[in-house]
There are 2 protein chains.
Amino acid sequence: MGTPTTRPATLDDVARAAGVSRATASRVLGGYGFTSADARARVGAAADRLGYVPDVTARALVRGAGVRLVVAVIGRAGTVLDDPYVHRVVSAASRVCAPHGVGVALEWLPLGDPSGLVRLGADRGVCGVVLVNTTPAALAAVPARLQGRVVSIGTGSATVPSFDVDNAAGAEAVLRHLYTTGRRRIAMVTGPRWLVCAERSVTAYRGLMRAAGLPERVVTGDFTTARGGRAALEALRRWPELDAVYAASDATAFGVIAALRGRGLRVPHDVAVAGFDDLPYAAVSSPPLTTATHPVDRIAAAAATAVLTRASVAPATAFASTLVARESA
Amino acid sequence: MGTPTTRPATLDDVARAAGVSRATASRVLGGYGFTSADARARVGAAADRLGYVPDVTARALVRGAGVRLVVAVIGRAGTVLDDPYVHRVVSAASRVCAPHGVGVALEWLPLGDPSGLVRLGADRGVCGVVLVNTTPAALAAVPARLQGRVVSIGTGSATVPSFDVDNAAGAEAVLRHLYTTGRRRIAMVTGPRWLVCAERSVTAYRGLMRAAGLPERVVTGDFTTARGGRAALEALRRWPELDAVYAASDATAFGVIAALRGRGLRVPHDVAVAGFDDLPYAAVSSPPLTTATHPVDRIAAAAATAVLTRASVAPATAFASTLVARESA
DNA sequence: GCTTGTGGTGGTAGCGCTCTCAGGTGTGCG
DNA sequence: CGCACACCTGAGAGCGCTACCACCACAAGC
């Protein structure tokens, strides 16, 4: 339980209480090297009698391990940090890191200038980096010292393993649903065009449309609700006949729905709308949004785990995305 | 800029390059003690020529300062960590901490058993704690070593300063709006009853109803959408005549609206619904939700800053909440 | 006997930093 | 001239921990 003393117990205290040397106590607590059953018992007992908690700071110092994981978000402006997507990444990473005594820091890497990575590479406090919204420039800017400590959510590279949702499969599931429910004049509102992983959805959309002999109708979005609304109006202007919109994110879809309604169109009766992400609100929006799942928490947890354990991981891990058919499409 | 060497530069490297002792370099970089203009110039130049970044780990070790801030969420089950509210607290805290080389860790303190605080008190890696969803039990369990390093979002105590939204003012703004738009049979769906800060809204509601000579209609909720829906049905059963619902959170309000519609009632024509939080989705929901602002980001940033700077702060800081009148009420 | 393990232990050198302390060099003043 | 004082500097002692290394005891093999 731990006697509440003024000063937290140190390894020395534990060793002294157990009648062994600091080295032996360290071996027992660290679980390495040879230790007798007797030593293990005594050190263990002493440790939890004193409420011993290892000092991650000292440990990191001597191991050169670092003490916080940086979630580096690449984007156009500081506001990308407000994206609920980023929130979920940070929370999931934090939950993985907490038991290791590792903290999480959220940082912004301006789009086109990922030189901040150099500083992160020089910072000994950093035990690893999770890149969000990867760009080729960022991948190229990863400093040598960080090799093997950087992972990416989104597209990776030979040296940076990636963890991502299977955008193509998600897009296909949604588009197939639109098709089987009779929609043929389907437009897509994309994510930001510089985002490699967002482009995968567009590629999937184009491929599917072509395969079905349907015309391609693409409008650029940026994952936000506001832009989604504007994109919907543009789509309507260019293709007044459209009967479905596939939005690259749920937030976009909400904007699309609001804009369509503003034009007097009924969703899904006149125009079906589907999103991507399956945000919590998607289930309670009006109408409830048809979308595809995006297991951000599992993705971020896997990414953080990979950094923390430094285990060798596959260069690219894809997480399944499945259709959630509700009422908007 | 920093020449990309294999090993990040240390203070020794900087001192040697500047031709001064480590102590002088430390004084210059740390900005304390006496330093000559000459020394300052040379050390500064050497530092950024070498791309020197102080090792927060070593610094924390010698200062006994800790290296991560813990956001401790008190709640019924592990799932409270998925609350978007918590996400925002973590992100805002992280943004404040990042420049200091401090990470953020998210932890869950089971409701009724805040003994985890004892462990945090023994953990030298922890530089402070931000308590979310404070309970009296948690306030009492704060270990001595953590005194002055713990703040609370929600109600505090003599030793734990608090930062919170002005629930009462927010509730009043919303209820006044309902009243002036002609609603008289107003029910409230509350937050969790054990949450001190949530009870402040209920108290405000009761006071206002009483002052207006209106009957009090209170149903217990827990801030979730699902519970909001069930609470709305219960309210409808008990008071079929009601013409407005004040939900203690936007998430609750969404559940309420969905449930009311399920009963064939129109919002706001038959029943007005207002929430509290002003989530991003509130602006695009259908109908757009009337609610009151909850500046979580500013609150969390202030809380984190207080812990980090250890400056003396007022025992309780309230952040204004203002009405956002949209269409649901 | 001597070697070569095998299982266990303690001494101790740092990791990179901060900060105290003992000095050193002026400058002003009695 | 002596003394106080302000300004500046470097040596060095650790912060708590890990891990390298030397050592010891005992057993087995030649």
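We name chains A, B, ... by the order of the sequence lines, and we start the count at 1 in each one. FYI, side chains are in, hydrogens and waters are out, and symmetry mates aren't considered; it's all heavy atoms of this structure.
We find that CZ of A/Arg27 is positioned 11 Å from P of D/dC20, with the value rounded to whole Å. Atom CZ of A/Arg16 is separated from atom P of D/dC17 by 12 Å (rounded to the nearest Å). In this entry the distance linking CG of B/Leu61 with P of C/dG16 reads 12 Å, nearest Å. Here the P atom of nucleotide C/dT9 and the CZ atom of A/Arg42 are 9 Å apart, to the nearest Å. Between B/Arg59 atom CZ and D/dC17 atom P there is a gap of 21 Å when expressed in whole angstrom units. Look at CZ on B/Phe34: it is 15 Å from C1' on C/dC19, rounded to the nearest Å. In this structure, the CG atom of B/Leu29 is 14 Å from the P atom of D/dT9, given to the nearest Å. In this structure, the CG atom of A/Asp55 is 17 Å from the P atom of C/dC17, given to the nearest Å.
The only option from B/Val160, B/Thr134, B/Val307 that meets the side chain to side chain contact (heavy atoms under 4.5 Å, CB included) definition with B/Val150 turns out to be B/Val160.
Residues B/Arg124 and B/Ala37 both approach DNA chain D. Their nearest nucleotides, taken by heavy-atom distance, put B/Ala37 toward the 5′ side. The nearest heavy atom of DNA chain C to B/Pro54 and to A/Gly33 marks one nucleotide each, and the one closer to the 5' end goes with A/Gly33. Residues B/Ala25 and B/Ala58 both approach DNA chain D. Their nearest nucleotides, taken by heavy-atom distance, put B/Ala25 toward the 5′ side.
Looking at the side chain of A/Arg22, the nearest of the listed nucleotides D/dC17, D/dG10, D/dG16 is D/dC17. Side-chain atoms of A/Ala23 lie closest to C/dG10 of the nucleotides C/dG16, D/dC8, C/dG10. In the set D/dG10, C/dT9, D/dG16, D/dG16 carries the atom at the smallest distance from any side-chain atom of A/Thr10.
Below the 3.5 angstrom threshold, one finds no donor paired with an acceptor across the side chain of A/Arg40 and the base of C/dG8.
Regarding contacts with the backbone of C/dG10, a side-chain N or O of A/Thr24 is found under 4.0 angstrom from either OP1 or OP2. Distances shown here put every side-chain N or O of A/Ser36 at or beyond 4.0 Å from the OP1 or OP2 atom of C/dG8. Within the 4.0 Å cut-off from OP1 or OP2 of C/dG8, not a single side-chain nitrogen or oxygen of A/Tyr32 is found.
Between the side chain of B/Ser162 and the backbone N or O of B/Ile153, no donor-acceptor pair lies under 3.5 Å.
Inspection of the A/Tyr32 and A/Ser26 side chains reveals an N or O donor paired with an N or O acceptor under 3.5 Å. No donor-acceptor contact under 3.5 angstrom links the side chains of A/Thr35 and A/Arg27, judged on distance only. Judged by distance alone, the side chains of A/Asp38 and A/Ser36 never bring a donor and an acceptor atom under 3.5 Å apart.
If you check every strand for non-hydrogen atoms under 4.0 Å, A/Thr57 touches nothing. Using a 4.0 Å heavy-atom criterion, one finds that B/Ala60 contacts no nucleic acid atom at all.
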